[in-house]
**Student:** 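Shown below is the structure under consideration.
Bear in mind the structure is a predicted one, so any value in this text is a computation, not a measurement. These numbers come from the heavy atoms of this one structure, side chains and all, not from hydrogens, waters or symmetry mates. Chain letters run A, B, ... following the sequence lines, proteins first and then strands; every chain starts at 1.
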Amino acid sequence: MDVSPILDPLNEAQRAAVTSEDVPALVIAGAGSGKTRVLVHRIAWLCEVHSVSPFSVLAVTFTNKAAAEMRARVESLLKHALGGMWIGTFHGISHRLLRAHWQEAGLKENFQILDSDDQLRLVKRIIQDMGLDDSRWPPKQARGYINARKEEGLRAGQLQHRNDPAARQLVRIYTAYEQECERTASVDFAELLLRSLELLQQNQEILDHYRRKFRHILVDEFQDTNAIQYAWLRTFAGEENPVFAVGDDDQSIYGWRGARIENLHNFERDYRNTQLFRLEQNYRSTNTILSVANALIDNNRERMGKKLWTEGVTGDPVCLYAAFNEQDEARFVAERIRQWVEAGHSRRDDIAVLYRSNAQSRVFEEVFISHSVPYRVYGGLRFFERAEIRDALAYLRLARNPDDDPSFERVVNVPSRGIGQRTMALVRERAVRNRVTLWKAAEEMLQSRSLTTRAAHALERFLQFMSTLEEEIRALVLDAQIDHILRSTGLMSHHGREGSEKAKSRVENLKELVVTARSFDLDNELYKEMLPADAFLVHAALEAGEGQGAIWEDCVQLMTLHAAKGLEFALVFIVGMEEGLFPSDMSKEEPGRLEEERRLCYVGITRAREQLVFTYAESRRRYGADSYYNSPSRFIGELPPELIAEVRPRAMVSTPVRTRSMPGRPGQNSGIGVGDSVVHAKFGRGVVLDCEGAGSNARVQVNFEREGSKWLVLAYANLDKLV
DNA sequence: ATAAAACGATTTTTT
DNA sequence: ATCGTTTTAT
């Protein structure tokens, strides 16, 4: 057996982890240290060298993207298909279990997956049906409560709040929600995990089967697991099967959505004979960038401890630019991008602009357009989350299964066909009272003639239409089914009639849906024994797809710091480095949150291979109001000064154009103008570099001898002019 | 049933 | 400021 393809590309630490004994292993893998490589080679090591059957390997990730990457890399290393190996997300694998054992799990065979949007609609309706005021009981909050409890493994029946009336009400909503899910055979994302966990815990035979089957369990991004995911893993593994977990405590940035960094710490306690490995050699960044990253993260107290190092070059210093405002910040970035490309760096998609919040992307978009910098923004609605796509798929679901209430609700009046809230309220009421689905309730009401002629007519036509639709598409292939739905429901013409840009893109998306359906991979093992339409619907629910269509050009990448995790770029800008923005003001309440913000910054820094640039704006418009004298983020102060090059090119100290501000006469009535020497009570002496605005809005930029240049509002600054 | 007006929220996001 | 949602008016 030639083990060289498996072991040769590895360094010593990686090799130790890959070839470790059959005991629980925890691999603390720093950024850029070859985490995925270790997982992939571990699988290859087991299969090729230890002749482990692919059928006994289970590898779990968080995102479909990570699962797809791992699958591809394992196949390319093994040089053959996975052959029975399970590589998937927590949710994907849970879904697979529930499909296989729907009866034991107490589900119906054709159970539906509720995504968060479906879930919100349902919760909202329940709150209304319970006669509660939804401003006092915001549906989003209730949904958050339900999901948080489920992620702790708790069902409504297990919750008791004797002394807390608000919590008691939430439990009542949770209970009603559970009943509705039961009635409509719906399973939300958290339920996939909870239900499959309970399936294993309550069915000894099934549990034994899977414990005998999956002798080797591997987990990626272990620091992101929440309580139920860890319980799920432990249940799978039992006492006998070793878990191989890879993660990085310094890259835990999802605490706010339930991820428990403690799982990393508890792992060693829960599995006594755990072998611990550390991957600290970095293959991505320059030495300078790593030193900056190490210095920053060193300010966190709760760490397992780790220091990245590299054999690579020292690299350029990290840059810091203090912009006047957010426009100036964006212009500086655009200019640096231009220089970078001119210097011979060919790929613009190897450049990223990272920010704390999505709202920050706007100014960059505006400035990049005016500077002709091609860019691509990540985030926002993904393909299968778009309303028009969901409408179309709801028709498909409803045609496949008339009892699918969420879909019934969604499309009954889209496009409008005269079935309004009044009619639907009556149908819903009957459905709940008689414990039947909306479809059946509607049929009953038509029989019993308990509706006005007009409403009855409209409803009857809808039911008739859906029945006909089902017959018409029955014999068609998937993409033809969808194509037919788009035409016969009028969805396509509904959007086509309107001329707006948004409507045009909706039409394009609907066309794209047909194309997506045509190229949908039906041979996937996950979907065997399922009808194409059902498989496609599962795919849509579990995999929301990309945010934008095809990447047509070599574009600068704009995204949040969170979205950048796992990616790398030659040139990285981390912008908006201001106290209050990053770290966010909202993270100042709980103590642990600040450390998480710092880890987020660490994640951003370690995305950069060659050059890293920080920027912040001394003045910034937020929520419609300007804020001045923003101080640089505390994270800037935590970096080693000798590795930071401050950029303040004199050439750029000229006119910071404010598109929104009035082009007033600078200093008209203040007696202060460009070139004047002034004194400020706090900042001392300085020279006026620039003015803008008029009257009470007038601002001046002053280059202070001690403090450097700042923008001040004349009305508040109390400047004295020196003669 | 549609359109205008008022209201409210506004960190980060996957499944 | 701005976007999405809900209420109110036509």
Side-chain angles (χ1 to χ4, degrees), chain A residues 60-67 88-95 113-121 124 128 134-135 138-141 144 147 150-151 187-194 196 221 224-226 228-229 252-259 326 354-363 378-382 384-385 387 413-423 454 458 498 502 538-545 547 559-566 576 580-589 593-594 596-597 599-601 603-604 620-626 659-660:
Chain A
V60 199
T61 63
F62 276 84
T63 65
N64 290 300
K65 198 176 155 199
T89 63
F90 280 101
H91 294 87
I93 290 166
S94 295
H95 176 254
I113 298 171
L114 287 188
D115 67 17
S116 19
D117 188 60
D118 297 324
Q119 198 188 10
L120 185 62
R121 288 161 161 269
K124 197 181 276 181
Q128 268 158 16
D134 59 5
S135 57
K140 281 199 174 137
Q141 221 168 289
N147 288 338
K150 286 194 182 188
E151 279 163 14
V187 171
D188 62 48
F189 288 135
E191 184 74 25
L192 286 170
L193 287 162
L194 182 52
S196 65
E221 306 277 19
D224 288 339
T225 49
N226 61 27
I228 196 153
Q229 285 158 343
S252 161
I253 55 174
Y254 287 113
W256 52 273
R257 66 172 197 212
E326 67 270 31
L354 309 181
Y355 34 78
R356 177 66 238 265
S357 76
N358 286 307
Q360 288 167 260
S361 73
R362 248 188 99 121
V363 183
Y378 284 76
L381 279 190
R382 273 114 31 100
F384 286 113
E385 286 168 355
N413 205 30
V414 176
S416 46
R417 36 173 89 82
I419 305 170
Q421 280 308 304
R422 180 71 51 83
T423 310
R454 240 170 88 154
E498 206 190 329
K502 281 187 177 179
V538 166
H539 169 79
L542 247 32
E543 224 170 311
M559 65 186 84
T560 62
L561 286 149
H562 282 91
K565 196 171 121 184
L581 191 59
F582 187 34
S584 163
D585 270 330
M586 299 176 114
S587 302
K588 301 227 165 103
E589 310 292 314
R593 300 298 305 276
L594 183 68
E596 183 157 310
E597 294 277 301
R599 291 194 292 269
L600 188 56
C601 189
V603 166
R620 180 183 297 275
R621 185 170 283 238
R622 268 227 281 176
Y623 306 142
D626 284 324
T659 47
R660 272 183 267 258

**Student:** If you take atom types as modelled and just measure distance, does the side chain of A/S116 reach the base of B/dT15 with a donor-acceptor pair under 3.5 Å?
**Tutor:** yes
**Student:** May I ask you to evaluate whether A/R382 reaches the phosphate of B/dT15, defined as a side-chain N or O under 4.0 Å from OP1 or OP2?
**Tutor:** yes
**Student:** Run the side chain to side chain contact (heavy atoms under 4.5 Å, CB included) test on A/F189 and A/K150 for me, step by step, so that the C-alpha distance in whole Å, both residues' side-chain angles and the decisive distance to 0.1 Å come before the verdict.
**Tutor:** CA-CA 10 Å; A/F189 288 135; A/K150 286 194 182 188; over 6 Å; no
**Student:** Rounded to the nearest angstrom, tell me the gap between atom CD in A/E221 and atom P in B/dT14.
**Tutor:** 13 Å
**Student:** Do the charged groups of A/R121 and A/D118 touch, with an N to O distance under 4.0 Å?
**Tutor:** no
**Student:** What nucleotide among C/dC3, B/dT12, B/dT15 has an atom nearest to a side-chain atom of A/T89?
**Tutor:** B/dT15
**Student:** With respect to the phosphate group of B/dT12, does any side-chain polar atom (N or O) of A/R257 fall under 4.0 Å of OP1 or OP2?
**Tutor:** no
**Student:** Rounded to whole Å, please give me the gap between CG in A/L354 and P in B/dT13.
**Tutor:** 12 Å
**Student:** Is there a Watson-Crick or G-U wobble partner for B/dA6 with both distances under 3.5 Å, and which nucleotide is it?
**Tutor:** C/dT5
**Student:** Can you figure out which of B/dT2, C/dC3, B/dT12 approaches the side chain of A/S416 most closely?
**Tutor:** B/dT2
**Student:** Are OP1 or OP2 of B/dT11 and a side-chain N or O of A/Y623 less than 4.0 angstrom apart?
**Tutor:** yes
**Student:** Using a cut-off of 6.0 Å, state whether more than 12 heavy atoms not belonging to A/K65 lie near its atom NZ.
**Tutor:** no
**Student:** Of the listed nucleotides (C/dA1, B/dT15, B/dT12), which one gets closest to any side-chain atom of A/H562?
**Tutor:** B/dT12
**Student:** Hey, is the main chain of A/L581 close enough, under 3.5 Å, to the side chain of A/S584 for a donor-acceptor pair?
**Tutor:** no
**Student:** Would you check if the side chain of A/D117 reaches a backbone N or O of A/E385 as a donor-acceptor pair within less than 3.5 Å?
**Tutor:** no
**Student:** Closer than 4.0 Å, any side-chain N/O of A/T560 to the OP1 or OP2 of B/dT13?
**Tutor:** yes
**Student:** Closest approach to the side chain of A/R593, judged atom by atom: which nucleotide of B/dT15, B/dT12, C/dA1 is it?
**Tutor:** B/dT12
**Student:** Is the aromatic ring of A/Y254 within stacking range of B/dT13, meaning centres under 5.5 angstrom and planes under 30 degrees?
**Tutor:** no
**Student:** Using atom CZ of A/R422 as one end and atom C1' of B/dT2 as the other, report the distance to the nearest whole Å.
**Tutor:** 17 Å
**Student:** Using a heavy-atom cut-off of 4.0 Å across all strands, would you classify A/D585 as base, sugar-phosphate, or nothing?
**Tutor:** nothing
**Student:** So which nucleotide from C/dC3, C/dA1, B/dT15 ends up closest to the side chain of A/R362?
**Tutor:** C/dC3
**Student:** A/E151 CD to B/dT14 C1': how many Å, rounded?
**Tutor:** 10 Å
**Student:** Quantified in whole Å, what is the P atom distance between nucleotide C/dT5 and nucleotide B/dT12?
**Tutor:** 16 Å
**Student:** What's the closest nucleotide to the side chain of A/K124 if the choices are B/dT12, C/dT6, B/dT14?
**Tutor:** C/dT6
**Student:** How close or far is atom C1' of C/dC3 from atom CZ of A/R622, stated in whole angstroms?
**Tutor:** 17 Å
**Student:** Quick check on DNA chain B: between A/I419 and A/L600, whose nearest nucleotide comes earlier from the 5' end?
**Tutor:** A/I419
**Student:** Checking the side chain of A/N413 only, and the main-chain atoms of A/R417 only, is there a donor and an acceptor separated by less than 3.5 Å?
**Tutor:** yes
**Student:** Does B/dT11 have OP1 or OP2 sitting under 4.0 Å from an N or O in the side chain of A/N358?
**Tutor:** no
**Student:** Provide, to the nearest angstrom, the distance between the CD atom belonging to A/Q128 and the C1' atom belonging to C/dT6.
**Tutor:** 11 Å
**Student:** Please give, in whole Å, the distance from B/dT14 P to A/Q229 CD?
**Tutor:** 14 Å
**Student:** Can you tell me the base-pairing partner of B/dT13? Count Watson-Crick or G-U wobble geometry only, both distances below 3.5 Å, and say none if there is no partner.
**Tutor:** none
**Student:** Do A/R356 and A/E597 meet the salt-bridge criterion of a basic N to acidic O distance under 4.0 Å?
**Tutor:** yes
**Student:** Report yes if at least one side-chain N or O of A/N147 is closer than 4.0 Å to OP1 or OP2 of B/dT15; otherwise report no.
**Tutor:** no
**Student:** Which sits closer to the 5' end of DNA chain B, A/Q421 or A/E597, going by the nucleotide each is nearest to?
**Tutor:** A/Q421
**Student:** Between atom CG in A/N226 and atom P in B/dT15, what is the gap in whole Å?
**Tutor:** 14 Å
